[in-house]
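A short write-up of the structure that comes next.
The structure displayed is predicted, hence computed values, not measured ones. These numbers come from the heavy atoms of this one structure, side chains and all, not from hydrogens, waters or symmetry mates.
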Amino acid sequence: MRILLVASAFNSLTQRIQADLSDRGHTPALALATEDEVVRAAVRRYAPELIVAPMLRTALPEDVWSAHTCLIVHPGPPGDRGPSSLDWAIHTGAERWAVTVLQADAEMDAGDIWATVPFEVPAVGKSDLYRGEAGDAAVAAVALAVERFASGRHKPQPQHGPEVEAVCRPYFRQEVRRIDWSADSSETVLRKLRGADSQPGVLDELLGAQWYLHGGHPEDELRGTPGAIVATRAGAICRATRDGAVWIPELRRRRTPGGPVTFKRPAVDALAGCLPPVPEVPAPLELPGHRRTWTDIGYREDGEVGRLRFSFPGGAMSTAHCRRLLAAYRFALSRPTSVLVLGGARDFFSNGIHLNVIEAAADPAEESWANINAMDDLVEAVLRTTDRLVVAALGGNAAAGGVMLALAADEVWCRAGAVLNPHYRLMGLYGSEYWTYTLPRRVGGDRAERLMREAAPVSAAAAVGLGLADRLVAASPEGFPDEAARMAEQLAGYRALARRIADKGAVRVRDEAAKPLAAYRHEELNRMHRTFFRADDPYHALRRAFVRKEAGGAGRAGPVAT
């Protein structure tokens with residue numbers, strides 16, 4: 001079926017629904033809802049049989065929804081209305097929520113229901129929930145709604161009447177998000193931070209300035225005056241509450257009237273020059289099980305299996321992130337294990353270099369160069385590991401260099417809800433991370449070139465079919481870490497494991513003789529160096545637009561209806 005996706009941005013859910021519909025044999029195209037006339041023109045050109053809106057910030061034009069069946073994906077249960085559904089779910093402490101696919105109508109969120117799928121609400125950030133449990137429910141609900149529409153027999157359920165209670169929820173304003181550091185408990189503070197982790201952040205006063213706080217994690221030992229910064233760790237700040245403390249990884253300065261657009265940065269970097277003299281309190285790599293604190297890198301060992309878990313905000317890996325992860329990887333290699341799992345956490349695996357840190361740098365070209373070399377160092381270390389099997393366990397999405405980091409491993413396991421973007425083109429980059437070695441050996445030269453050229457999202461199921469991944473893991477976002485650990489233990493017990501490790505070493509020797517890894521790196525970085533250090537290269541404008549969320553930013557566009 002010809003399906004037109006209309007979305008305000010080519011975000012994670014839009015990508016996932018597009019990939020899933022393609023996997024199911026449909027032919028989806030995309031129209032970005034920048035203006036009503038853009039949507040109308042896309043409808044005329046594509047002549048869709050059905051229109052699906054995975055994520056809209058504005059209403060569809062009346063002449064479109066009155067002439068075509070238009071299905072709206074709403075992240076709330078039947079009867080729920082308003083633009084801040086997930087915010088209210090987290091704020092009210094809901095344990096279960098739902099995604100509802102409803103037909104566009106004159107009244108927002110009040111159209112007939114085509115499908116609804118419930119989901120659990122764990123104590124995670126809103127963006128993580130959106131990509132995880134809510135994303136799973138949305139994909140399932142869209143698939144069901146499309147199937148029902150295609151049958152021609154299904155009659156959608158009206159939202160008016162005794163069966164469905166209408167609950168109109170207002171826009172979730174900063175007044176509701178505001179933290180009272182002297183009165184709010186740590187759990188209340190965390191709930192407020194989690195409800196705004198990616199966007200819009202929680203507006204607060206800090207060190208005499210207005211900042212948006214992004215992300216929140218518990219701390220079980222540090223204490224101080226409520227609201228005060230008491231410590232730092234790996235770029236994050238720790239602020240005391242009335243009964244404990246919380247970690248905040250990122251900050252965004254409030255934009256002044258007429259001032260430049262601001263964007264998220266690691267908290268310590270954002271506060272450079274005004275941060276009080278507080279201690280840097282590193283977390284041990286092997287954190288005791290009873291601790292309730294934040295760390296973005298951790299190691300755990302169970303028998304023959306080592307698990308190196310990492311989780312960086314937005315999946316972005318700065319130069320510092322890469323170097324710390326490489327040090328942790330080298331520690332993991334010093335341990336007597338036969339299987340090493342890289343990743344294995346819920347949500348993002350990696351999206352490659354940290355564009356926000358690069359944009360904020362005094363010299364973005366130099367920081368780009370340092371970041372890509374740090375990524376290459378990490379990927380090379382994985383590629384040169386020949387004394388054990390390395391598994392990349394992707395609990396969530398990966399893109400660009402993050403995909404190539406995964407492909408450096410011997411096996412790639414993807415949670416069924418993950419989406420891969422194995423390309424760099426939308427940021428105007430040739431790419432590095434040894435992709436010219438790892439991608440063709442996985443999928444073949446012609447397919448590697450096509451993936452890079454088309455720059456389309458790939459579902460986890462399609463990734464397995466293409467050879468990008470080896471195993472599809474049918475687990476919930478919350479259950480993925482334990483399932484990946486179980487699978488790793490099973491792999492470690494494989495009777496022929498020693499032979500496989502020996503064969504792996506032989507292949508590395510053979511490949512190095514045919515063409516050294518240094519040659520791949522040299523060729524890739526020659527291209528990247530020209531891009532980074534040429535002031536008029538499109539990369540700089542694309543990066544700026546992406547970071548500052550300007551029109552035309554990479555990742556905010558996709559396959560367009562033609």
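Residue Gln174 qualifies as enclosed at atom CD: its count of foreign heavy atoms under 6.0 Å is above 12. At most 12 heavy atoms of other shown residues, nucleotides or ligands fall within 6.0 angstrom of atom CD in Glu95.
Between Trp88 and His91, the ring planes lie perpendicular to each other; the angle is over 60°, past the 30° to 60° tilted range.
Applying the salt bridge (charged side-chain N to carboxylate O under 4.0 Å, His left out) rule to Arg191 yields no partners; only residues at least two apart in sequence or on another chain are considered. Residues passing the ring-ring contact (aromatic ring centres under 6.0 Å, His included) test with Phe312 are Phe310, His321, sequence neighbours excluded. Applying the side chain to side chain donor-acceptor pair (under 3.5 Å) test to Arg153 and every residue at least two apart in sequence or in another chain returns nothing.
Residue Val73 comes nearest to Ile17 through the heavy atom pair CG2-CD1, 4.5 Å, listed as atom of the first residue, atom of the second, then distance. Of all heavy-atom pairs between Val464 and Arg471, the closest is CG2-C, 4.0 Å. Nearest heavy-atom pair across Thr293 and Trp247 is OG1-NE1, 3.3 Å. The two atoms that bring Leu193 and Val246 nearest to each other are CD1-CG2, 4.2 Å, heavy atoms only. Contact between Leu56 and Ala33 at its shortest, heavy atoms only, is CD2-CB, 3.8 Å.
Under the 4.5 Å side-chain criterion, counting only non-hydrogen atoms from C-beta, Arg253 is not in contact with Gln210. In this structure, His217 and Pro249 have side chains that are in contact, with non-hydrogen atoms separated by less than 4.5 Å. Side-chain contact between Tyr130 and Leu86 is present, with heavy atoms from C-beta onward closer than 4.5 Å. Counting only heavy atoms from C-beta outward, the side chains of Leu213 and Glu250 never approach each other to under 4.5 Å. A heavy-atom distance below 4.5 Å is found between the side chains of Trp97 and Ser85. By the 4.5 Å heavy-atom criterion applied to side chains, Arg255 and Val261 are counted as neighbours. A 4.5 Å side-chain heavy-atom check between Arg447 and Leu466 finds at least one atom pair inside the cut-off. Counting only heavy atoms from C-beta outward, the side chains of Met427 and Leu355 approach each other to under 4.5 Å.
At a threshold of 4.0 Å, the pair Arg24-Asp20 counts as salt-bridged, since one of the basic side-chain nitrogens sits closer than that to a carboxylate oxygen. Between Glu219 and Arg292 there is no salt bridge, since none of the side-chain N atoms of the basic residue sits less than 4.0 Å from a carboxylate O of the acidic one. Ion pairing between Asp220 and Arg291 holds under the 4.0 Å rule for side-chain N and carboxylate O. Using a 4.0 Å cut-off between a side-chain N of Lys or Arg and a carboxylate O of Asp or Glu, Glu483 and Arg486 qualify as a salt bridge. The residues Glu37 and Arg44 are annotated as salt-bridged, a charged nitrogen and a carboxylate oxygen being separated by less than 4.0 angstrom. Under a 4.0 Å N-O distance rule, the pair Asp87/Arg169 does not qualify as a salt bridge. We find that Arg194 and Asp128 are not joined by a salt bridge, their nearest charged nitrogen and carboxylate oxygen being 4.0 Å or further apart.
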Which atom pairs, donor and acceptor, lie under 3.5 Å between side-chain atoms of residues 196-205 and protein residues at least two apart or in another chain?
| from | atom 1 | to | atom 2 | distance (Å) |
| --- | --- | --- | --- | --- |
| Asp197 | OD1 | Lys126 | N | 3.4 |
| Asp197 | OD1 | Ser127 | N | 3.2 |
| Asp197 | OD1 | Ser127 | OG | 3.3 |
| Asp197 | OD2 | Ser127 | OG | 2.8 |
| Ser198 | OG | Lys264 | NZ | 3.4 |
| Asp204 | OD2 | Trp181 | NE1 | 3.0 |
| Asp204 | OD2 | Arg239 | NH1 | 2.6 |
| Asp204 | OD2 | Arg239 | NH2 | 3.3 |

Just list the side-chain donor-acceptor pairs under 3.5 Å for residues 101-124, sequence neighbours left out, or say none.
| from | atom 1 | to | atom 2 | distance (Å) |
| --- | --- | --- | --- | --- |
| Gln103 | OE1 | Trp114 | NE1 | 2.9 |
| Glu107 | OE2 | Arg81 | NH1 | 2.9 |
| Asp109 | OD2 | Gly82 | N | 2.9 |
| Thr116 | OG1 | Val99 | O | 3.2 |
| Thr116 | OG1 | Thr100 | OG1 | 3.2 |
| Glu120 | OE2 | Arg96 | NH1 | 2.4 |

**Study point:** CA sep, side-chain torsions, deciding dist, call: Leu251, Arg265, side chain to side chain contact (heavy atoms under 4.5 Å, CB included)
**Key:** CA-CA 6 Å; Leu251 298 175; Arg265 299 173 60 190; over 6 Å; no
Practice item. For side chain to side chain contact (heavy atoms under 4.5 Å, CB included), just list the numbers for Thr69 and Ile51, CA-CA rounded to whole Å, side-chain angles, deciding distance to a tenth of an Å, and then say yes or no. Key: CA-CA 6 Å; Thr69 299; Ile51 296 173; over 6 Å; no
**Study point:** side chain to side chain contact (heavy atoms under 4.5 Å, CB included) between Thr14 and Gln18, worked out
**Key:** CA-CA 6 Å; Thr14 305; Gln18 181 196 57; 5.6 Å; no
Practice item. Begin with the C-alpha distance, continue with both residues' side-chain angles, and end with the deciding distance and a verdict on side chain to side chain contact (heavy atoms under 4.5 Å, CB included) for Val419 and Ser12. Key: CA-CA 8 Å; Val419 174; Ser12 60; over 6 Å; no
Practice item. Assess whether salt bridge (charged side-chain N to carboxylate O under 4.0 Å, His left out) is satisfied between Arg242 and Asp180, documenting all intermediate values. Key: CA-CA 10 Å; Arg242 68 170 175 82; Asp180 184 339; over 6 Å; no
Check your understanding: Do Glu359 and Arg548 pass the salt bridge (charged side-chain N to carboxylate O under 4.0 Å, His left out) test, and can you show the C-alpha distance, the side-chain angles, and the key distance before you say yes or no?
Key -> CA-CA 9 Å; Glu359 180 66 15; Arg548 300 176 186 273; 3.2 Å; yes
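When atom types are taken as modelled, the side chain of Gln159 and the backbone of Gly79 share a donor-acceptor pair closer than 3.5 angstrom.
Judged by the 6.0 Å distance and 45° axis criteria, Arg543 is not positioned over the aromatic ring of Phe546.
Side chains of Ser311 and Asp296: a donor-acceptor N/O pair is absent below 3.5 angstrom, by distance only.
Within the structure, side-chain hydrogen bond (donor to acceptor under 3.5 Å, both in side chains) pairs that include any residue of residues 413-423 comprise Gln15-Asn421, Asp136-Arg415, Glu411-Trp413, Asn421-His423 (at least two apart or interchain).
The CD atom of Glu454 sits 12.5 Å away from the CE atom of Met452 when rounded to the nearest 0.5 Å.
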